[in-house]
Asker: 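Sharing a structure, written as structure tokens. Questions coming.
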Amino acid sequence: MPLTSLIPIGAWLWDKYGATVTDKTAGAVKEGWHKFKWHDAAERYRTKIKKLYGTMQIMGMAKPVPLDNIFTEAYMLDKPTAFGRFDIERLKQLAADPAAPPANAERINGLRLVKEKGNLFILGKPGAGKTTFLKYIALKAAEQLLDKVPVFVSLKLWADSEKELMPFIAERFDICDFPDAQPFVEELLKSGNAIVLFDGLDEVNQESGQRDKQTRAMNNFVEKYDRTQCLITCRLAASDYSFERFTYVEIADFTENQIKTFVGNWFRNQAGEKDEETCKKFLAEFERNDNEGLRDLARSPLLLTLLCLAFNETLTFPQRRVEIYQEALDALLKKWDSSRRIKRDDVYRKLSLGHKENMLARIAAETFEKNEYFIPQAELERYITDYVKNVPPHDTNEATDGETILKAIEAQHGLFVERAREVYSFSHLTFQEYFTAKYIVANATKGTLTNLVKEHCADGRWREMFLLTTSLLPDASQFMKIFRLGVDELLGGDGKLRELLAWADKRSASIQADPWLVRPYYLYIELFYPSRTRALARALDLALGLDLALARALDLDLALDLARALARARELGLNKFVKELAALSLPTDEAAAAEWQEFADKLRILMIKHRDIGHEWNLTGTQEVRLADYLNATRLLQDCLDLAFMPPEEKKAMLNSLYLPPAQAGEGQEA
């Protein structure tokens, strides 16, 4: 609805405040107030609100976009996460469901909270949408969906103006052409029909004492105009200021539904209409198993925006996830503040960007190695202090206090988050993994690559680390060789396992496909498929070269499998096999387990006799574990090769060596 079509109601009936102002004046000024057109003034102010706060500048986009097009309803936690008192074990339990709100905290619609509560101190991580939310509140008030007159106060602009608060607020009404705006504003505030939106307390520097000064002024303002509702936004770590008349809340991370809504709003065609086709492509790609790290980032509106921008360029996410992670970290460490012309307090001057990243990498590596996702504050401060004291120049008087630097990193970049009182974590597990990989690559000469393979190539928790490390290496050839040797060592020189791999290689020769693609299917079917009878039927498909069985749906009827097997066997001229296979009597679905077992045994004998498949390997428990580790690590190596920067002929040779016994693997690489 156009603002110009609104009929003033409630808080927007400005003439009622004007009457009081007029009564308090005299002479020519009084005459000026009598002739003042209150409706026109209110209309001009609403138009100004729409113009100033009806759009938002998205990092990476040339022009602002309408707020209504992109805004996704914000939700608040009625108790900030850092206020919770949980031990680390309890935090681990809560982290099992990242989409769930913190314990003892309720998610409440932001607009509803503003309507139902009084003064709110709104905390949030960098890029959580604090300013956007205040813009949204200003618009809803201008549209009279919230019966308040909005007054938007950028705390940074106020600090830079060097004015007292009331004159600064009065300037917001200059467009209304009041004879004198301040008396009107004071009456409006006294009436309680305004909502004052103080944005960005963390953006005001502390070093000059400016933030303390503004905090005192706001507290005095709230006390004087106690009927006026006030909202203040601030980053989480910069919130060590007391506002006694306020309820403290925190902007909640996006849920899955909010992410879908945001994406649906974000993708638009040239005409500005929603591009549902691109949205569907984004969400389909987004839900892939290997994009879990991206889903973790997407809970932040800022980082979700970066994902949308990245996807919009090629309609896919980069195969090398490190490109997106680097972009996200670049935004948090540099671009987000600089794009809004914000200069933070430089409380740790001697830490250059490079030193910050190296420090974060060391902390990430040490904590991830110890399986620490939640880090006690004292321990984190110690990590920081131990690093900073070694950074030159060493003769400086600058403080190396771990707590001060920790709070600065949390407030300025949002890379650490206080999950509970005095317990921290990286804001996203993806960042901890990325910085750990960065540390491994940076310290390769100290043996970190070899240690990574030796200690963790069969550990699923480290899977992402291998992929990120491979992507970060400027030349991954040596790492791939180390990895390939490490995979073979998982077999422990076991003769039976080597025999099994040799058998799978021999059988793969009958399939018209790259052997390294076929070998693992034989192994998985032979050993791990849960239904032994059905596994034999699937293996029969492979034995006859019908297709790659595991790539097919696994719920086909067994009778259909046997019928296809007979037909294919006839095509291959396997007359004896056809005759003996046709003689088998397939049990009914109601048959007893013993009858099915007898059928399976007979089928296995035929397959071994004619096609060398269906053997009973009788592996011990230890051998099964070794083989499972070997198969998982080899698959990981295969995935890493997809990302590795290395000569194509080396990559092909290594692929051909996969799932071969160690001696043959060496021969395959040499070839």
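Just so it is clear, the model here is predicted, and its values are computed rather than measured.
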Asker: Does NZ belonging to Lys117 count more than 12 external heavy atoms closer than 6.0 Å?
Answerer: no
Asker: When you measure from the side chain of Arg172 to the backbone N and O of Phe168, does any donor-acceptor pair fall under 3.5 Å?
Answerer: yes
Asker: Over all heavy atoms of both residues, which pair between Ser427 and Val417 is shortest? Give the atoms and the distance, please.
Answerer: CB-CG2, 3.5 Å
Asker: If I take atom CD1 from residue Ile324 and atom CG from residue Leu297, how far apart are they, to the nearest 0.5 angstrom?
Answerer: 8.0 Å
Asker: Using ring pair (Phe, Tyr, Trp, His ring centres under 6.0 Å) as the criterion, list what pairs up with Phe435, not counting sequence neighbours.
Answerer: none
Asker: Kindly give the heavy-atom pair with the smallest separation between Ala298 and Leu307, and that separation in Å.
Answerer: CB-CD1, 4.0 Å
Asker: So Asp160 and Lys156, salt bridge (Lys or Arg N to Asp or Glu O under 4.0 Å) or not? Walk me through it.
Answerer: CA-CA 6 Å; Asp160 293 345; Lys156 181 180 183 299; 3.0 Å; yes
Asker: If the condition is side-chain hydrogen bond (donor to acceptor under 3.5 Å, both in side chains), which residues does Asn109 pass it with, not counting sequence neighbours?
Answerer: Glu73
Asker: Measuring from Asp275:CG to Asn265:CG, what's the distance to the nearest 0.5 Å?
Answerer: 12.5 Å
Asker: Apply the ring-ring contact (aromatic ring centres under 6.0 Å, His included) test between Phe426 and each candidate in Phe416, Tyr434, Phe431; give the one that qualifies.
Answerer: Phe416
Asker: Is there a side-chain contact (heavy atoms from CB on, under 4.5 Å) between Gln377 and Val423? Walk through the geometry before answering.
Answerer: CA-CA 5 Å; Gln377 181 174 334; Val423 179; over 6 Å; no
Asker: Hey, does the side chain of Gln214 reach the backbone of Leu155 with a donor-acceptor pair shorter than 3.5 angstrom?
Answerer: yes
Asker: Using the ring pair (Phe, Tyr, Trp, His ring centres under 6.0 Å) criterion, which residues pair with Phe246? Sequence neighbours excluded.
Answerer: Phe243
Asker: Less than 4.5 Å apart, any side-chain heavy atom of Lys135 and any of Phe71?
Answerer: no
Asker: List for me each residue that meets salt bridge (Lys or Arg N to Asp or Glu O under 4.0 Å) alongside Glu277, sequence neighbours excluded, and say none if there are none.
Answerer: none
Asker: In the structure I gave you, are the side-chain heavy atoms of Phe184 and Cys176 within less than 4.5 Å of one another anywhere?
Answerer: no
Asker: Take atom CD of Glu164 as the centre, draw a 6.0 Å sphere, and report whether it contains more than 12 heavy atoms from other residues, nucleotides or ligands.
Answerer: no
Asker: Please evaluate residues Val263 and Leu304 with respect to the criterion side-chain contact (heavy atoms from CB on, under 4.5 Å), reporting the C-alpha separation (whole Å), side-chain torsions for both, the decisive distance (0.1 Å), and the verdict.
Answerer: CA-CA 8 Å; Val263 172; Leu304 179 54; 4.2 Å; yes
Asker: Kindly write out the residues that satisfy salt bridge (Lys or Arg N to Asp or Glu O under 4.0 Å) with Lys130, not counting sequence neighbours, or none if the list is empty.
Answerer: none
Asker: Can you name the nearest heavy-atom pair linking Pro126 to Ser300, along with the distance?
Answerer: O-OG, 4.3 Å
Asker: For the CG atom of Leu468 and the CZ atom of Arg321, what is their distance to the nearest 0.5 Å?
Answerer: 10.0 Å
Asker: Would you say that Glu43 contacts His39 through its side chain, given a criterion of any heavy-atom pair below 4.5 Å between the two side chains?
Answerer: yes
Asker: Would you compute the distance between atom CD of Glu244 and atom CG of Asn219 and round it to the nearest 0.5 angstrom?
Answerer: 7.5 Å
Asker: Please find the pair of heavy atoms, one from Asp147 and one from Ala11, that lie closest to each other, and give the distance.
Answerer: OD1-N, 2.9 Å
Asker: Check the angle between the aromatic planes of Phe36 and Trp38 and answer parallel, tilted or perpendicular using the 30° and 60° thresholds.
Answerer: perpendicular
Asker: Can you pull the salt bridge (charged side-chain N to carboxylate O under 4.0 Å, His left out) pairs that have at least one residue in residues 118-128, sequence neighbours excluded?
Answerer: Lys125-Asp253
Asker: Look at the aromatic rings of Phe311 and Phe267 and report parallel, tilted or perpendicular, splitting at 30° and 60°.
Answerer: perpendicular
Asker: Among residues at least two apart in sequence or on other chains, which ones pass ring pair (Phe, Tyr, Trp, His ring centres under 6.0 Å) with Phe152?
Answerer: Tyr53
Asker: Compare all side-chain heavy atoms of Phe173 with those of Val151 and state whether any distance is below 4.5 angstrom.
Answerer: yes
Asker: Using the salt bridge (Lys or Arg N to Asp or Glu O under 4.0 Å) criterion, which residues pair with Glu116? Sequence neighbours excluded.
Answerer: Arg112
Asker: Can Arg421 and Glu418 be counted as an ion pair, charged N to O under 4.0 angstrom?
Answerer: no
Asker: Yes or no on side-chain contact (heavy atoms from CB on, under 4.5 Å) for Val204 and Trp158, after CA distance, side-chain angles and deciding distance?
Answerer: CA-CA 9 Å; Val204 180; Trp158 171 28; over 6 Å; no
Asker: Who pairs with Glu276 by salt bridge (Lys or Arg N to Asp or Glu O under 4.0 Å), at least two apart in sequence or on another chain?
Answerer: none
Asker: Can you pull the salt bridge (charged side-chain N to carboxylate O under 4.0 Å, His left out) pairs that have at least one residue in residues 215-227, sequence neighbours excluded?
Answerer: none
Asker: Specify the closest pair of heavy atoms between Gly10 and Lys16, including all atoms of both residues, with the distance to one decimal.
Answerer: O-NZ, 2.9 Å
Asker: Is there side-chain contact between Ile251 and Met76, with heavy atoms separated by less than 4.5 Å?
Answerer: yes
Asker: Output a table of donor-acceptor pairs, distance under 3.5 Å, between side-chain atoms of residues 189-197 and any protein atom two or more places apart or on a different chain; print 'none' if there are none.
Answerer:
from   : atom 1 : to     : atom 2 : distance (Å)
Ser191 : OG     : Leu188 : O      : 2.6
Ser191 : OG     : Asn193 : N      : 3.2
Ser191 : OG     : Asn193 : ND2    : 3.4
Asn193 : ND2    : Tyr17  : OH     : 3.1

Asker: Distance only, no hydrogens: is a donor on one side chain within 3.5 Å (strictly under) of an acceptor on the other, for Glu433 and Tyr325?
Answerer: no
Asker: Between Glu292 and Arg295, does any NZ, NE, NH1 or NH2 come within less than 4.0 Å of an OD or OE carboxylate oxygen?
Answerer: no
Asker: Thr233 and side-chain hydrogen bond (donor to acceptor under 3.5 Å, both in side chains): which partner among Asp199, Thr132, Thr131?
Answerer: Asp199
Asker: Can you measure from CG (Leu380) to CD (Glu403) and round to the nearest 0.5 angstrom?
Answerer: 11.0 Å
Asker: Taking the side chain as everything from C-beta on, heavy atoms only, tell me whether Tyr225 gets closer than 4.5 Å to Cys230.
Answerer: no
Asker: How about Phe282 and Trp266: are their ring centroids closer than 6.0 Å?
Answerer: no
Asker: Any side-chain heavy-atom pair from Tyr75 and Thr255 closer than 4.5 angstrom?
Answerer: no
Asker: Donor-acceptor check, side chain of Arg46 to backbone of Glu143, threshold 3.5 angstrom: yes or no?
Answerer: no
Asker: For the residue pair Glu327 and Leu309, establish whether any side-chain heavy-atom pair is separated by less than 4.5 Å.
Answerer: no
Asker: Check Phe262 against Pro301 and note the closest heavy-atom contact, atom names and distance.
Answerer: CZ-O, 4.2 Å
Asker: Are the side chain of Asp78 and the backbone of Glu106 linked by a donor-acceptor contact shorter than 3.5 Å?
Answerer: yes
Asker: Between CD of Glu256 and CZ of Phe286, what distance do you get to the nearest 0.5 Å?
Answerer: 8.5 Å
Asker: For Phe198, give me all partners under ring pair (Phe, Tyr, Trp, His ring centres under 6.0 Å), at least two apart in sequence or on another chain.
Answerer: Phe221
